[in-house]
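As a basis for the values below, the full set of heavy atoms in this structure was taken, side chains included, without hydrogen atoms, waters or symmetry mates. Protein chains get the first letters and strands the later ones, always in sequence-line order, with residue 1 at the start of each.
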Amino acid sequence: MKVQEKSDRLIISEQSDFEPKHIFECGQAFRWEKELDNSYTIVANKRVINVSKLNDEIIIKNSNKEDFNEIWKDYFDIDTDYSQIKSKLNNDDIMKKAIEFGTGIRILNQQEYEMIISFIISANNRIPMIKKVISNLSKKFGDFIQEYNSKKYYSFPSIERLANADVEKVAECKAGFRSERIILASQKIIQDKDIVYNLKSKTYDEGLEYLKTYKGIGDKVANCILLFSMKQFATFPVDVWVRRVMQTLYVPNTAKDLEIRKFAENKFKDLSGYAQQYLFFYARENDIGK
DNA sequence: TCCCAGGTCCTGA
DNA sequence: TCAGGACATGGG
C-alpha cells in the first residue's frame with residue numbers, strides 16, 4: 001500500500017480488496033451517504049471523509065496523512081490480508097459465488113459505544129430507517145463537526161448526552177420503542193465502563209454473556225457488536241437475511257437461528273464473521289430466499 | 001389495509 | 001425451556 005497526499009486528497013494505491021460500495025453497503029455501518037458521483041461520505045471518529053475508487057486508486061477527501069495513519073488505517077482494517085481470508089473460505093460453491101460478488105468487503109473497526117447503540121436501534125427495523133434514526137440522534141445530541149459540500153455533519157452523540165437525555169427527546173428521533181433502551185444502555189455503559197472497554201481482551205463467550213445483560217441486546221445484536229467493534233471474528237450473527245440465505249443454501253428451512261449460528265461457526269471457524277458479511281451482502285443484493 | 005424490517009421482551013404453559 | 005404476541009415507525 002502506498003499513500004500520497006495531493007492538494008485536496010489522499011491517494012491510496014497498491015491496496016487490494018477495497019471496494020467502497022461493498023464495504024459500506026454490506027450492513028456493518030450506518031453513517032454513510034452515497035453521493036451523486038458514487039463516492040461515499042462517512043462520519044466516524046468525529047470526522048467527515050469522502051471515499052471513492054477510480055481505477056485501482058482509492059481516493060480519500062477531507063483528510064490528511066496523519067489521520068490516515070492514526071485513524072483510518074485501523075478503521076478500514078488495512079493490515080488484514082483479505083486474500084488469505086478469501087482463499088481459506090473459498091471451499092464450497094456457495095461461498096465462492098458470495099465472495100466473488102462481495103469482493104472488496106472489509107470489516108471495519110468501529111467504536112464500541114456507537115455499535116452498541118446502533119444495533120439496539122436495528123432491532124425489528126429497516127436499514128434506511130436505522131440510518132435515519134442515528135442521523136437524527138447525532139443532529140440532536142451530537143457535536144457539530146463541520147460543513148462539507150454544503151451539508152452539515154454531526155458526531156455520534158457522547159455516552160453522557162444520551163444517558164442524560166429525556167425519553168421524549170430520543171423518541172422524537174423516531175427511535176420508537178427502542179428509545180428507553182438507548183438511554184438505559186448508555187447509563188449502564190457509564191456504570192460499567194471498566195468492563196465494556198475491556199471486552200476486547202475477554203473471551204467471546206464472556207463478551208456475549210455480558211452484552212446480553214442489556215435491555216434490547218439479544219443474541220443477534222450482541223454478536224453484531226462483538227463482530228463489528230470487538231474483533232470477535234468467530235461469530236456468525238443470524239438475522240432475517242442470513243437466515244434466509246442459509247436456509248436456502250446450507251441448512252433445512254426448519255433450522256432455528258441458534259442452530260444456524262452454531263452450524264456456521266463450526267463450518268467457518270475463526271472466519272465466521274467474514275463469511276457472514278459475504279453472505280449477507282450476497283443475499284440482500286440478490287434477494288435470495290425472499 | 002396488511003405485512004414486514006439486520007429482534008427482543010414478556011407472558012403463560 | 002419455548003412458542004406467541006407486543007412493540008414504534010414508515011415503505012411497499
Side-chain angles (χ1 to χ4, degrees), chain A residues 21-32 98 102 105 107-108 110 112 114-137 139-140 162 165-186 188 208-230 232-233 235-249 253-262 264-265 272-290:
Chain A
K21 176 184 166 67
H22 299 179
I23 292 171
F24 296 110
E25 296 194 29
C26 72
Q28 60 180 323
F30 302 105
R31 302 212 63 196
W32 53 267
I105 283 178
I107 294 190
L108 300 169
Q110 303 185 77
E112 295 96 329
E114 185 167 336
M115 289 300 98
I116 290 171
I117 301 303
S118 297
F119 279 97
I120 284 176
I121 294 167
S122 79
N124 200 32
N125 215 343
R126 287 172 206 271
I127 290 180
M129 196 59 198
I130 300 166
K131 291 177 67 184
K132 191 175 278 179
V133 174
I134 294 171
S135 168
N136 291 342
L137 285 170
K139 205 174 284 178
K140 200 186 273 285
L162 286 181
D166 292 331
V167 194
E168 297 79 23
K169 296 285 177 193
V170 176
E172 282 173 14
C173 299
K174 305 298 177 189
F177 63 87
R178 310 164 196 84
S179 302
E180 191 195 16
R181 299 176 179 177
I182 292 168
I183 295 167
L184 289 174
S186 302
K188 187 168 161 67
L208 184 67
E209 194 182 354
Y210 171 75
L211 287 171
K212 282 164 82 169
T213 62
Y214 284 68
K215 194 170 176 182
I217 302 185
D219 199 73
K220 189 270 169 185
V221 167
N223 279 294
C224 281
I225 295 165
L226 288 162
L227 174 59
F228 299 134
S229 66
M230 298 182 182
Q232 295 285 2
F233 300 110
T235 173
F236 191 88
V238 178
D239 59 60
V240 283
W241 289 100
V242 173
R243 183 189 310 137
R244 286 198 287 243
V245 69
M246 290 299 286
Q247 286 175 344
T248 306
L249 303 174
N253 57 11
T254 50
K256 303 222 167 79
D257 290 357
L258 189 61
E259 295 171 49
I260 297 172
R261 176 159 76 79
K262 293 295 179 191
E265 288 171 1
S272 296
Y274 300 99
Q276 193 267 8
Q277 282 306 96
Y278 288 118
L279 287 170
F280 175 84
F281 185 66
Y282 182 56
R284 219 168 83 88
E285 297 283 318
N286 297 294
D287 271 350
I288 290 178
K290 202 172 178 182

With sequence neighbours excluded, residues passing salt bridge (Lys or Arg N to Asp or Glu O under 4.0 Å) with A:R243:
A:D257
Does any N or O in the side chain of A:Q276 come within less than 3.5 Å of the main-chain N or O of A:V242, such that one atom is a donor and the other an acceptor?
no
Reckon A:R244 has a side-chain N or O less than 4.0 Å from the OP1 or OP2 of B:dA5?
yes
If you look at every strand shown and take non-hydrogen atoms under 4.0 Å, does A:G216 touch a base, only sugar-phosphate, or nothing?
sugar-phosphate
Rounded to the nearest Å, what distance is computed from the CD1 atom of residue A:I217 to the P atom of nucleotide B:dC10?
14 Å
Starting at the 5' end of nucleotides 7-12 of chain C, put B wherever the base has a protein heavy atom under 4.0 Å, S where only the sugar-phosphate does, and a dash everywhere else.
BBSBB-
B:dT11 and C:dA8, which share atom name P, separated by this distance in whole Å
15 Å
Pairs under 3.5 Å (Watson-Crick or G-U), crossing ones as [ ], inter-strand ones as |: DNA chain B comes out as .||||.|||||||
How would you label the contact of A:C26 with the nucleic acid (heavy atoms, under 4.0 Å): base, sugar-phosphate, or nothing?
base
Taking any heavy-atom pair under 4.0 Å as a contact, classify A:Y214: base, sugar-phosphate, or nothing.
sugar-phosphate
Quick check, does A:F280 stack with B:dG6? I mean ring centres under 5.5 Å and planes off by under 30°.
yes
Could you give the distance separating C:dC2 and B:dG6 at their P atoms, to the nearest angstrom?
27 Å
